[in-house]
Amino acid sequence: MSDIVQAPPIGAHREDRQVKLVKMASFGAGEKSTVAISIATALAILLLWWLVSALGVVPHLFLPRPDEVLTQIGAIYRDGYAGASLSEHVFASLFRIVVAALIAITAGIPLGLLMGLNRWAKGVLDAPIEFYWPLPPLSYLPLMIIWLGIGETSKITLLVLAMFAPICLSAQAGVRSLPIERVNAARSLGASRLQLFLDIVLPSALPEILTGIRIALGVGWGTLVAAELIASTRGIGFMIMSASQFLATDVVFVGIGIIAICAFTFSAAIRFLEAFLVPWKGKL
């Protein structure tokens with residue numbers, strides 16, 4: 001007599017074979033937005049600033065209250081400062097930064113790509129860039145005055161030199177970080193030199209280039225005060241330096257705040273450009 005084995009229900013097999021999806025743990029900062037944390041941090045800093053100034057921990061001459069700085073912004077907007085309106089000061093600084101950035105980008109990206117692709121170009125250009133890049137702009141500011149005078153040319157040249165190196169070096173790093181397997185795969189498919197550059201080299205280097213532009217803009221805004229030391233009568237940096245000579249600390253804070261807002265706006269624009277041009281960044 002044969003044993004009769006009862007087969008399990010079909011549904012049981014299906015349940016056993018059901019695939020369970022496991023969500024991978026995130027690494028680093030993760031994908032969640034940090035806007036709320038940043039806003040809370042900014043409010044905490046403002047509250048701490050108000051408490052320190054209101055309690056007199058720091059003398060009022062050196063640290064005005066936040067509301068006094070806001071009041072001074074309105075006064076400068078209405079009456080101007082040092083013979084110029086607030087919009088004239090801001091426009092003068094924006095003009096210098098934008099012109100210098102365009103020159104640095106136009107020259108820095110092609111030279112950086114060339115340095116990454118050609119050993120002779122790297123050998124010739126690497127030494128002078130690495131020589132002047134670590135120098136603070138104030139160290140060669142006197143040379144700009146001697147060689148180019150006290151007009152706009154010396155100011156813009158100083159800003160160009162400050163922004164050129166990070167853009168050029170980031171473009172070079174973007175090319176040199178390109179995986180050789182990607183290049184060989186394109187060659188095996190019959191890509192020409194121009195197609196290899198436009199479809200492989202340039203898109204791969206673009207994230208590094210945009211990061212270099214963001215760094216360069218930060219360096220440019222940091223150099224702005226030094227650039228506007230050269231016989232300026234307009235500009236945010238000039239306004240800050242002029243106010244510091246008269247211990248007008250609230251005006252100094254106004255200038256610092258305007259520079260911070262402008263720099264943040266430029267950085268946000270580059271981030272938006274990154275999201276549009278290189279949406280794959282950080283996902284591969």
Side-chain angles (χ1 to χ4, degrees), residues 24 26-31 94-135 137 153 156-221 223 263-284:
M24 299 297 293
S26 61
F27 179 76
E31 299 178 356
L94 287 177
F95 173 78
R96 291 161 185 151
I97 283 286
V98 170
V99 171
L102 290 176
I103 296 173
I105 290 171
T106 303
I109 293 177
L111 289 177
L113 294 173
L114 185 61
M115 289 172 65
L117 294 170
N118 187 281
R119 58 186 293 266
W120 283 96
K122 176 175 171 56
V124 170
L125 298 174
D126 194 53
I129 292 175
E130 292 290 349
F131 172 76
Y132 95 86
W133 162 234
L135 298 176
T153 304
I156 292 175
T157 303
L158 186 71
L159 292 171
V160 170
L161 289 174
M163 289 190 280
F164 170 79
I167 295 174
C168 183
L169 295 177
S170 65
Q172 177 193 351
V175 175
R176 296 181 69 84
S177 64
L178 173 64
I180 191 63
E181 293 83 4
R182 196 177 301 172
V183 176
N184 292 333
R187 285 173 174 169
S188 66
L189 293 174
S192 63
R193 286 181 176 270
L194 182 60
Q195 290 174 329
L196 187 65
F197 176 77
L198 294 178
D199 297 333
I200 303 297
V201 176
L202 189 57
S204 299
L206 198 54
E208 293 280 354
I209 292 173
L210 292 174
T211 300
I213 293 175
R214 282 180 55 201
I215 295 172
L217 287 172
V219 174
W221 282 108
T223 312
F264 178 81
T265 304
F266 275 60
S267 180
I270 298 299
R271 287 180 183 272
F272 177 79
L273 199 60
E274 282 183 349
F276 177 73
L277 294 177
V278 287
W280 65 86
K281 182 181 179 181
K283 300 179 182 179
L284 297 178

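Smallest separation of non-hydrogen atoms from Ala171 and Gly108: CB-O, 4.5 Å. Taking all atoms of both residues into account, the shortest heavy-atom contact from Gly212 to Ser170 is CA-OG, 3.4 Å. Closest heavy-atom contact between Leu114 and Ala121: CG-CB, 3.6 Å. Closest approach of Ile97 to Met163, counting heavy atoms only: O-CE, 3.9 Å. Between Ala205 and Val175, the shortest heavy-atom distance links the atoms CB-N, 3.9 Å. Between Ile200 and Ser204 the shortest heavy-atom distance is O-OG, 2.7 Å.
Within the model, atoms CG of Leu169 and CZ of Phe164 stand 8.0 Å from one another, a figure rounded to the nearest 0.5 Å. The structure places CG of Leu161 at 11.5 Å from CH2 of Trp133, a figure rounded to the nearest 0.5 Å. The CG atom of Leu159 lies 9.5 Å from the CH2 atom of Trp221; values are rounded to the nearest 0.5 Å. Between atom CG of residue Leu94 and atom OG1 of residue Thr265 there is a gap of 9.5 Å, rounded to the nearest 0.5 Å. Ile167 contributes atom CD1, which lies 11.0 Å from atom CD1 of Ile103 (distance to the nearest 0.5 angstrom). From Leu117, atom CG reaches atom CD of Gln172 across 10.0 Å, with rounding to the nearest 0.5 Å.
Taking 4.5 Å as the limit, some side-chain heavy atom of Glu274 sits within range of a side-chain heavy atom of Thr211. The side-chain heavy atoms of Phe95 and Ile156, taken from C-beta on, include a pair separated by under 4.5 Å. Contact annotation: the side chain of Met115 approaches that of Ile129 to within less than 4.5 Å [non-hydrogen atoms, C-beta and beyond]. Taking the side chain as every heavy atom from C-beta outward, Leu113 and Leu202 approach each other to under 4.5 Å.
The residue from Ile105, Val98, Ile270 that alone fulfils the side chain to side chain contact (heavy atoms under 4.5 Å, CB included) condition with Leu217 is Ile270.
Heavy-atom neighbours of Phe264 CZ from other residues, nucleotides or ligands within 6.0 Å: at or below the threshold of 12.
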